[in-house]
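Step one of this worksheet: look at the structure below.
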Amino acid sequence: EVIKKVLQSPGIKLDGVEIAYAPEMGGRGIYVRKDVPHVEKGTRILTITPENILTETIARESETGKKLLQKLVKDGEAPGDVISAPLAITCYLISETMQNRKRVREAKEPLQNDYESSAESNGENSAGGREIHSKWNPMVHLYPTVDQFGTLPIFWTKEEKGWLQGSSMESTTKKRLKRLRDEYRQVRFLWENPKISLKKFLGIRLSVGSRCFGVTLNHSCPSQSACMPIADMPNHSLKNSVGWTFDRDQNVFAMTSKRRLKSGEQVFISYGKKPNCDLLLHYGFCISNNPRDAVFVDAYIGFPICRKRTVLLSRHGQQVPTATFTFLRMAFCILTGRQERVRIGEGKGPRPLAAFLRRKVKKNKFGEEGSHDSDTESDTEKDRRKVRMATSWEKLSDDDVKRVPKSLDELMRMKDIEFKTLRCAPVSIENERMVLMTLSQACKRALQRYPTTIEQDKKLRDELVEIPENEKCARSGEDEETDSGKGKVLSLHEVRKLFALRLRIGEKRVLKW
């Protein structure tokens, strides 16, 4: 009934698709209607006008947003650094529902049965009362209650969290739960009478955090987080069949099919190119054989006193992220007094040394590769020359020189986001070897922290989803789960264990790079 009312709102339109229960996903999904033969590529299946989009600007400029600004933001601080967009939207939605309850009671108006009865039946719901007197109340009513976020690791039992031993997710989960509790303590002054419990706060906070879109409504405003009804219902897939964007020319948010969709087919969007650690932490699920898997490891730099920094390793393309290589190359440049060789500039992300050695060496006008006699050069000298010739060194500008850290302490204080604009190309064969050796040692240390091997994890996973022995040998990929395991209905405890195993397997694949 709520969905029907939302779809009757001006500015929200579904075309050729419908909302239905997705049993394999454990919730709702969007499907092509069975009475529709197919949906052609490029068809807009959903459109939403701006008046139905709740942006962080609306939340920050509201009375609730101004109270947050006055209470929490000190002079000189940026509001976005103190109050995140999901938190601002969460506080706005809770305040809206609380104010509506108060207005209803003062006017002595009866609550709407279709909304209130369903909310009461769920016990402590995430909105603390879901009447239809608020513009955003139907959207909040469709949000899951906090009890429906059971697959998020912050709600796992002590035994289940033990499955994360050795993974960076173990500490990340603790930090995530602490941050949510700190947010609640910071903003609960907004709702003194009546008070909002942590359980109710988490219901909306987790819903908003996992359903925000980044949209740019016009050319004068930067991209901002926004929530909107219906658009948050499609499920995630690596091979998403639908894309989304805000069409500024037609002033409408649109979801468009990327290929021809069959009748009765579920449509999927992409939640982003995220590793399993992010998917599990924020959305409560993991993907088998995720090509975007990543893991954090501790890299130790400097002698005789070692400095530790957590760096990111990614599985995609068997490639270490640019920021990690930039940090390590600069660290060894500083330690060896070779800062002058650092080059800052745009370009493709760094790759392992072997990729640079395979690059074609430019020849001079005589068709020679240099003044060296290749027959008398040692292998090491050849490697050094190839690295020098494959990398174009440029003189640093005055502004670039200021950005290059002068000491190891200065480098260690730099934030990860700074390395996205600060790139360091390969410096020398010795520097690159030290970088790769440091990463190799970090991977070995990380693997030793797990209580099980990757082979043991795969065996536990296969037993959990009941893959027959004869089908294990016939898999197309050694790490993929076959469809035979999808028919088994797993308990919540088993689902959590399956996700923990997928996470561990994916991280160990990365660490074996």
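In this chain, numbering begins with 1 at the start of the sequence shown. None of the values given here were measured: they were computed from a predicted structure.
Side chain to side chain, Arg44 and Gln250 meet the donor-acceptor criterion of an N or O pair below 3.5 Å. Between the side chains of Glu51 and Thr49, at least one donor-acceptor pair of N or O atoms lies under 3.5 Å. Arg504 and Thr452 share a side-chain donor-acceptor pair at under 3.5 Å. Between the side chains of Trp244 and Thr256, no donor N or O sits under 3.5 Å from an acceptor N or O. No side-chain N or O of Asn240 forms a donor-acceptor pair with one of Ser237 less than 3.5 Å apart.
Trp163 contributes atom CH2, which lies 10.5 Å from atom CG of Leu460 (distance to the nearest 0.5 angstrom). Expressed to the nearest 0.5 Å, how far OG of Ser225 lies from CG of Leu87 amounts to 12.0 Å.
A salt bridge between Asp293 and Arg509 is present, with a side-chain N of the basic residue lying under 4.0 Å from a carboxylate O of the acidic one. Under a 4.0 Å N-O distance rule, the pair Lys459/Asp462 does not qualify as a salt bridge. The pair Asp182-Lys178 meets the salt-bridge criterion, with a side-chain N (NZ, NE, NH1 or NH2) lying under 4.0 Å from an Asp/Glu carboxylate O. A salt bridge links Glu160 to Arg496: one of the charged nitrogens lies within less than 4.0 Å of a carboxylate oxygen. Here Asp278 does not pair with Arg292 in a salt bridge; the nearest charged N to carboxylate O distance is not below 4.0 Å. Contact check on Arg259 versus Glu265 returns a salt bridge, with a Lys/Arg side-chain nitrogen under 4.0 Å from an Asp/Glu carboxylate oxygen. For Lys161 and Glu170, the salt-bridge test fails: no basic side-chain N is under 4.0 Å from an acidic carboxylate O.
Heavy-atom neighbours of Arg248 CZ from other residues, nucleotides or ligands within 6.0 Å: above the threshold of 12. Other residues, nucleotides and ligands contribute at most 12 non-hydrogen atoms within 6.0 Å of the CD atom of Glu63. When the shell of 6.0 Å around CZ of Arg449 is examined, it contains more than 12 heavy atoms from other residues, nucleotides or ligands. Open room surrounds NZ on Lys13; 12 or fewer heavy atoms of other groups in view lie less than 6.0 Å from it.
Within the cation-pi definition used here (under 6.0 Å to the ring centroid, within 45° of the axis), Lys508 qualifies as a partner of Tyr450.
Looking at every heavy atom in both residues, Cys286 comes nearest to Leu280 through SG-CB, 3.7 Å.
Outside the 6.0 Å centre-distance limit, the rings of Phe213 and Phe246 are not counted as a close aromatic pair.
When atom types are taken as modelled, the side chain of Ser84 and the backbone of Gly80 share no donor-acceptor pair closer than 3.5 angstrom.
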- Message: I'd like to know whether Thr57 forms a side-chain contact (heavy atoms from CB on, under 4.5 Å) with Glu61, so could you lay out the CA-CA distance, the side-chain angles of the two residues, the decisive distance to 0.1 Å, and finally the verdict.
- Response: CA-CA 6 Å; Thr57 300; Glu61 294 179 352; 3.4 Å; yes

